[in-house]
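Working notes, beginning with the structure itself.
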Amino acid sequence: MKWILESLAETLSPLVSMPAEAVQKLFRVEANAERGDLALPCFPFAKALKQKPDAIAQTLAESIAALDAVEQAEAAGPFLNIRLKLSAIAEHVFTSCLDAPDSFGQNQTGEGKTVVLDFSSPNIAKPIAFHHIRSTVIGNALANLHEACGWKTVRINYLGDWGTTQGKLISAFRRFGSADALQADPIKHLLEIYVRFHQEAETQPELLDEAKALFKNLEDGDASCETLWTQFRELSIREFRRIYDRMGIRFDHYDGESLYRHQLDETVEEVTQKAGAKIDQGALIVDLSDKKLPPCLLRKDDGATLYATRDIAATKDRHERFSFDRSLYVVASQQTVYFQQLFEVLKRMDFDYATRCEHIPFGMLQLADKTMSTRKGQVIFLEDVLDKAVALSREAIAEKNPNLNNADQVAEQVGIGAIIFGDLVAHRKNDVTFEWSRILDFKGKTGVYVQYTHARCRSMLRKGEMDADLKDSAQFTRPEEKEVLKGIAQFPDMVQKATDSCDPSLIANHLVNLCQSFNSLFSMGTEYRFLDDNPALRSTRLSLVLAVATTLKNGLQLLGLATPEEM
RNA sequence: GGGCGAUUAGCUCAGCUGGAUAGAGCGUUGGCCUCCGGAGCCAAAGGUCACAGGUUCGAAUCCUGUAUCGCUCGCCA
């Protein structure tokens, strides 16, 4: 809708003595179609013009009504309601969407800029738990959105592959491990021995000391420790890749914390010099009390480094390698304070890029039955959720479309799409409660609904003959059609907004709304048919179907969902 | 105790920097397949926007306080 808002604001700007940009922001896309398509509250002009808002609305209505794209402009008290010409919106959709379907929704506002995204970031040697889906799916969507806005993206999976846990794994493997079992199902085996390690450590606390010592050996470059660790890491990544492939997600770099293991002394040294660090209670800290933040710990009292030390090194490294304009950390909101500390330390080191780093927090995944949340071995695995969703959609296909020939592939696309969409449709920062019944619900505001609507569009396009030259915006007459066209025309605005605010749920919800207004066109029975006998009418209506399909497809792709032709 | 966030329909939530009669989905109830895909559509019921003050032309939205819940507050990440 930006195209029309710009020209409206240009016209009004001199009349209300306010910059066009400011006027543009005052416009609201009207939800209540009976009032019109756009609304402009006139209160903000009253002071400058020394007139009553009602009177202003009245005068503005007259000058707006003269514009080409405007069908009607009238004052309703202090509000200026504008009704756009259906044909004007349709013409705009024809050129913006139908003439360049593949790039519809995209823009070039990020041209020449680079964004680094740190997301997913599971720990090696453990299965990806369901709660990792949030970072994974949000990060992927944000990367796609930035690309659509012309940004160069760098997708980094910042693996948890360094720390005392690695010592525990080495100890556990030497005691209980089996090379065959490791090769057969690496993650499963590593999890088993890790759980067993903790069980045994309850009665033999010396195991923990052993693990600590082994991690120290690893840090010091002990060859046999290094060999094992490398193996754990590579096998883990292989497994992770398999799941990411299923979800259609890729990374440019698997740069874990271990990448910085050789430059930590150097990092500590630099932080100490530039930001000031001191020993307190045996640990090396940067005091941030003047910012009312807890201290940032660089070294434990035993000299070992911490998460923050590695993150400081990582940020610096990423800036040197990619010279980013924006660096996004898609990490749970629990770590909000931690990121405030991190960015504050970077600022004190005079790194100007500190201000270009942003924490993109998201709410926790809570389990309905809280007893499940803490106990080890009782986590829900991401792949189990995917498998269940795929199995369920496979059943649905068997029932509803038994002759579908690539049924297994479609079941995968629909099942996994449902899980991804389900996570993205909710606002990012809210906590979400895990319930099987809800996550496997394929009705209503779901990915399945959007995919289904898309497939339905494709089906019609296969059935009806459409001559693009016969399409004619004057053939659109219904308010329902106008709603659909408006939804399409707004899509590019939503892409921009979702990118700027790092909020993929805007796209998810917009797609659902578009589906709802489109599907309502089916409720008129014989009164309204897309596959009309009249060729001009049919071609016009099918062009609308094509525009809807294009928007849904591009939108779903941005969110990371596949768009099957049939399902 | 300090900091941050939340509280809107039976349930899960939208509601953007204040704007007109507070909206969806699920669930419930009732309709719609001789016809474009019923994983769909139409309709009904359902609200003291946690509570109390304040700011103004106007408050679910902003401010203050209270209550409840969640996260967090030095050697995990």
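A, B, ... follow the sequence lines: proteins, then strands. Residue 1 opens every chain.
Centroid-to-centroid, the aromatic rings of A:F215 and A:W162 come within less than 6.0 Å.
Side-chain nitrogen and oxygen atoms of A:S523 include none within less than 4.0 Å of the OP1 or OP2 phosphate oxygen of B:C41. One finds a side-chain N or O of A:R310 lying less than 4.0 angstrom from the OP1 or OP2 phosphate oxygen of B:A77. Contact annotation: A:K300 reaches the phosphate of B:C76 (side-chain N/O to OP1 or OP2, under 4.0 Å). OP1 or OP2 of B:A39 lies within a sub-4.0 Å distance of a side-chain N or O belonging to A:K400.
Closest approach to the A:K497 side chain among B:C75, B:C16, B:C26 is made by B:C16 (side chain taken as heavy atoms from C-beta onward). Nearest to the side chain of A:N519, among B:A39, B:U72, B:C41, sits B:C41. The A:L306 side chain lies nearest to B:C76 when the options are B:G74, B:C71, B:C76. Of the candidates B:C73, B:C36, B:A20, B:C36 carries the atom nearest the A:L531 side chain, counting heavy atoms from C-beta on. Checked against B:A77, B:G27, B:A6, the side chain of A:K443 finds its nearest nucleotide in B:G27. For A:L297, taking side-chain heavy atoms from C-beta onward, the closest of the listed nucleotides B:C26, B:G37, B:C75 is B:C75. The A:E257 side chain lies nearest to B:A77 when the options are B:A77, B:G37, B:A24. In the set B:C76, B:A77, B:C42, B:C42 carries the atom at the smallest distance from any side-chain atom of A:S520. Which of B:A77, B:G38, B:C35 sits closest to the side chain of A:Q335 comes down to B:A77. Nearest to the side-chain atoms of A:P295 among the listed nucleotides B:C36, B:G74, B:G37 stands B:G74.
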When you look at A:R478 and A:E483, which way does the salt bridge (Lys or Arg N to Asp or Glu O under 4.0 Å) test go after all the steps? CA-CA 9 Å; A:R478 297 185 169 267; A:E483 283 308 302; over 6 Å; no

Let's go through A:L556 and A:V450 carefully: what are the C-alpha distance in whole Å and the side-chain angles of both, what is the deciding distance for side chain to side chain contact (heavy atoms under 4.5 Å, CB included) to 0.1 Å, and is it a yes or a no? CA-CA 8 Å; A:L556 287 174; A:V450 181; 3.7 Å; yes

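Regarding A:K429, its NZ atom lies at a distance of 12 Å from the P atom of B:C13, rounded to whole Å. We find that CZ of A:F522 is positioned 13 Å from P of B:G40, with the value rounded to whole Å. Atom pair A:R28:CZ and B:A22:P shows a separation of 14 Å (rounding to whole Å applied). Rounded to whole Å, atom C1' of B:G70 lies 20 Å from atom CZ of A:F434. In this structure, A:F530 atom CZ and B:C35 atom P are separated by 18 Å, rounded to whole Å. Between A:L424 atom CG and B:C13 atom C1' the separation is 15 Å, expressed in whole Å. The distance from atom CZ of A:F79 to atom P of B:G58 is 13 Å, rounded to the nearest whole Å. Between the P atom of B:U17 and the CD atom of A:E21 lies a distance of 19 Å, rounded to the nearest Å.
In this structure, B:C51 is classed as anti because its glycosidic torsion departs from zero by more than 90°.
Salt bridge A:D533/A:R538: absent, no basic N to carboxylate O contact under 4.0 Å. Look at A:R348 and A:E344 and you find a salt bridge, because one of the NZ, NE, NH1 or NH2 atoms lies within 4.0 Å of a carboxylate O, short of that distance.
A:A455 comes within 4.0 angstrom of a base, heavy atoms only. Residue contacts for A:E30: at a heavy-atom cut-off of 4.0 Å it reaches a base atom on one of the strands shown. Heavy atoms of A:V337 sit under 4.0 angstrom from primed sugar atoms or phosphate atoms, though from no base atom. A:N123 comes within 4.0 angstrom of nothing in the nucleic acid, heavy atoms only. When heavy atoms are screened at a 4.0 angstrom cut-off, A:E566 is found touching base atoms of the nucleic acid. When heavy atoms are screened at a 4.0 angstrom cut-off, A:R438 is found touching the sugar-phosphate backbone but no base atom. Here A:A426 lies out of heavy-atom contact (under 4.0 Å) with every strand. Contacts of A:E565 with the nucleic acid, taken as non-hydrogen atoms under 4.0 Å apart, include base atoms. Among the protein residues, A:A46 comes within range of no part of the nucleic acid, since none of its heavy atoms lies under 4.0 Å from any strand. Backbone-only engagement by A:D441 is indicated by non-hydrogen atom pairs under 4.0 Å involving sugar-phosphate atoms exclusively. Residue contacts for A:L506: at a heavy-atom cut-off of 4.0 Å it reaches no nucleic acid atom on any strand shown. Among the protein residues, A:F518 comes within range of no part of the nucleic acid, since none of its heavy atoms lies under 4.0 Å from any strand. Among the heavy atoms of the strands lying under 4.0 Å from A:N81 is at least one base atom, whether or not backbone atoms are also near.
Comparing B:U17 with B:A60, their P atoms are spaced 15 Å from each other, to the whole Å. The same atom, P, is picked in B:U48 and in B:G31; the two are 30 Å apart, to the nearest Å. Nucleotides B:G58 and B:G19 have their P atoms positioned 14 Å apart, rounded to a whole Å. Rounded to whole Å, the C1' atom of B:G47 lies 15 Å from the corresponding atom of B:A24. Only the P atoms considered, B:C51 is 44 Å distant from B:C76, to the nearest whole Å. Across the C1' atoms, B:G46 and B:U8 are found 14 Å apart, a figure rounded to whole Å. Across B:C26 and B:A39, the matching P atoms stand 14 Å from one another, rounded to whole Å. A gap of 32 Å separates the P atoms of B:C13 and B:C75, to the nearest Å.
Here A:Y449 does not count as stacked on B:A39, because the ring centres are not under 5.5 angstrom apart with planes under 30°.
A:Y158 carries A:R318 over the face of its six-membered ring, with the cationic atom under 6.0 Å from the centre and within 45° of the normal. In this structure, A:R541 fails the cation-pi test against A:F476, since its NZ or CZ atom is not both closer than 6.0 Å to the six-membered ring centre and inside 45 degrees of the ring normal.
The two atoms that bring A:S505 and A:A426 nearest to each other are CB-O, 3.7 Å, heavy atoms only.
Using the Watson-Crick or G-U wobble rule with both distances under 3.5 Å, B:A24 pairs with B:U12.
Listed by residue number, the members of residues 407-420 of chain A with any heavy atom below 4.0 angstrom from RNA chain B form an empty set.
Inspection of the A:S236 and A:Y254 side chains reveals no N or O donor paired with an N or O acceptor under 3.5 Å.
Applying the 3.5 Å distance criterion, the base of B:G74 shares a donor-acceptor pair with the side chain of A:D280. Taking only distance into account, the side chain of A:K445 never meets the base of B:C13 through a donor-acceptor pair shorter than 3.5 Å.
Nearer to the 5' terminus of RNA chain B, by closest-nucleotide assignment, is the contact made by A:P44 (compared with the other of A:M460 and A:P44). Residues A:H427 and A:I279 each lie close to RNA chain B; by heavy-atom proximity, the contact nearer the 5' end of the strand is made by A:H427.
Checking each of A:L506, A:T499, A:L145, A:D503 against A:M494 for a side-chain contact (heavy atoms from CB on, under 4.5 Å) leaves exactly one that passes, namely A:L506.
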